[in-house]
Amino acid sequence: MYITQQEVEKFIKLVSSYETIIIHRHQRPDPDALGSQLGLKHLLSKAFPQKRVLAAGSKSRGLEWLGAMDKVSKEDYAQALVIICDTANEERIDGKYYSLGQKIIKIDHHPLVEDFGDLQIIYPQASSTSEIIGQLAQAKSELLPMDAQIARLLYAGIVGDTGRFMFRSTSADTFKIAAWLSQYDFDRYDINNQFQLLSYQQAKFEGYFFDHLQINDSGVAWLSIPIALRQQYGLTEEDTNLFVNLPSRIRDVQTWVIFVEQDTQPSYWRCRIRSKGSSINQIASLHEGGGHPLASGANVYSEEEKMILIQELSQVSLADSKA
Ligand code: AMP
């Protein structure tokens with residue numbers, strides 16, 4: 001266990017001092033952002049039934065099976081403790097009133113890029129923020145009782161951020177927490193399946209994906225998904241999550257980027273960057289992005305900038321293959 005007793009005690013002390021607790025997570029939530037946020041919400045609601053524990057943020061299409069957000073007003077923050085899950089920098093927090101809270105706790109597994117919050121519980125070696133919250137709950141189980149609903153949410157977050165226990169971030173600690181959560185009565189098969197089930201149209205898009213994926217001699221692969229293409233296959237922006245790890249299955253591919261056109265004026269391309277070994281988050285930070293060494297995001301604004309990003313990825317990919 002990496003979480004320290006001191007951190008657990010500080011966390012409990014802060015949580016115990018507030019009657020309203022508002023939990024945030026990052027924009028464009030993935031299953032770990034939602035699983036950690038909603039898992040923590042239910043964990044605290046169960047432990048402290050007299051408190052108001054709210055989940056703040058916008059609705060996310062495609063992940064409704066994890067649960068819904070609460071209605072949170074500006075006034076709710078006046079006397080509140082705010083907890084931010086799975087978010088490295090303030091700019092990416094979903095919900096604009098978080099700074100109105102009395103105190104902020106940050107719980108995250110991204111590399112530290114920005115200090116914020118009165119208490120920071122940050123473990124970049126953790127597979128997911130849900131894993132950290134699992135450790136927190138386990139370390140204080142007499143006060144924070146686990147149940148099937150909470151276990152399901154945290155397990156979903158772990159499965160999401162580890163690619164069903166496939167990614168390198170999966171550690172002995174990950175398995176320990178996943179095994180502990182698995183004792184509770186929720187449908188693990190159903191959760192695991194949520195990450196692989198496709199509609200027929202999505203399965204057809206998988207064909208398009210491999211057909212049009214480009215790969216260069218440095219082992220960098222890329223694919224652009226313009227809005228019109230997405231619409232042709234009936235895909236939402238969030239659905240691109242279903243395909244982002246497909247290139248990992250190609251032996252020659254070392255790093256890859258999926259460019260997803262955004263429906264804004266003027267439009268830009270959200271970049272979903274992944275790597276099998278070379279660290280790519282520094283490159284992402286050159287293009288309004290960041291993230292983990294092997295999984296990052298960024299934004300680019302033109303075809304030229306796409307090519308620049310591919311060149312940058314090629315350089316690290318090539319340098320690492322020679323090292
Ligand atoms: P995604 O491709 O959106 O799943 O993102 C992969 C990882 O990169 C996640 O941990 C995100 O939190 C992080 N990330 C994505 N976009 C950005 C961004 N624009 N700035 C900082 N981090 C990002």
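As a basis for the values below, the full set of heavy atoms in this structure was taken, side chains included, without hydrogen atoms, waters or symmetry mates. Note that this is a predicted model, so its numbers are computed, not measured.
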| field | Check: Lys306 side chain, Cys271 main-chain N or O, donor-acceptor pair, under 3.5 Å | value | no
| His24 vs Tyr77 aromatic rings, parallel, tilted or perpendicular, using cut-offs 30° and 60°? | tilted
| task | Verify, without hydrogens or angle tests, whether Asn193 (side chain) and Asp190 (backbone) share a donor-acceptor contact under 3.5 angstrom. | result | no
| How about Glu305 and Tyr268: does a side-chain donor come under 3.5 Å of a side-chain acceptor? | no
| In a check of side-chain contact (heavy atoms from CB on, under 4.5 Å) between Arg249 and each of Val253, Leu246, Asn245, which one passes? | Leu246
| Looking only at side chains, do His109 and Glu131 share a donor and an acceptor under 3.5 Å apart? | no
| task | Assess the side chains of Thr174 and Ser171: does a donor N or O sit below 3.5 Å from an acceptor N or O? | result | yes
| Has the side chain of Gln79 got a donor or acceptor atom that lies under 3.5 Å from a matching backbone atom of Glu19? | no
| request: Answer yes or no: is there a donor N or O on one side and an acceptor on the other, between the side chain of Gln135 and the main chain of Ile3, under 3.5 Å? | output: yes
| query | With sequence neighbours left out, which residue pairs that include part of residues 40-63 fulfil the ring pair (Phe, Tyr, Trp, His ring centres under 6.0 Å) condition? | reply | none
| message | Heavy-atom count check: over 12 atoms from other residues, nucleotides or ligands less than 6.0 Å from Asp187 CG? | response | yes
| query | What class does the angle between the rings of Tyr123 and Tyr2 fall in, given that below 30° is parallel, 30 to 60° is tilted and above 60° is perpendicular? | reply | tilted
| Just checking, any donor-acceptor pair under 3.5 angstrom between side chains of Arg272 and Thr240? | yes
| message | Check whether Glu261 reaches the backbone of Ile227 with its side chain - one donor and one acceptor, N or O, closer than 3.5 Å. | response | yes
| field | Expected output: side-chain Lys74 to main-chain Leu100 donor-acceptor under 3.5 Å | value | no
| task | Using only heavy-atom distances, determine whether the side chains of Asn281 and Ser296 contain a donor-acceptor pair under 3.5 Å. | result | no
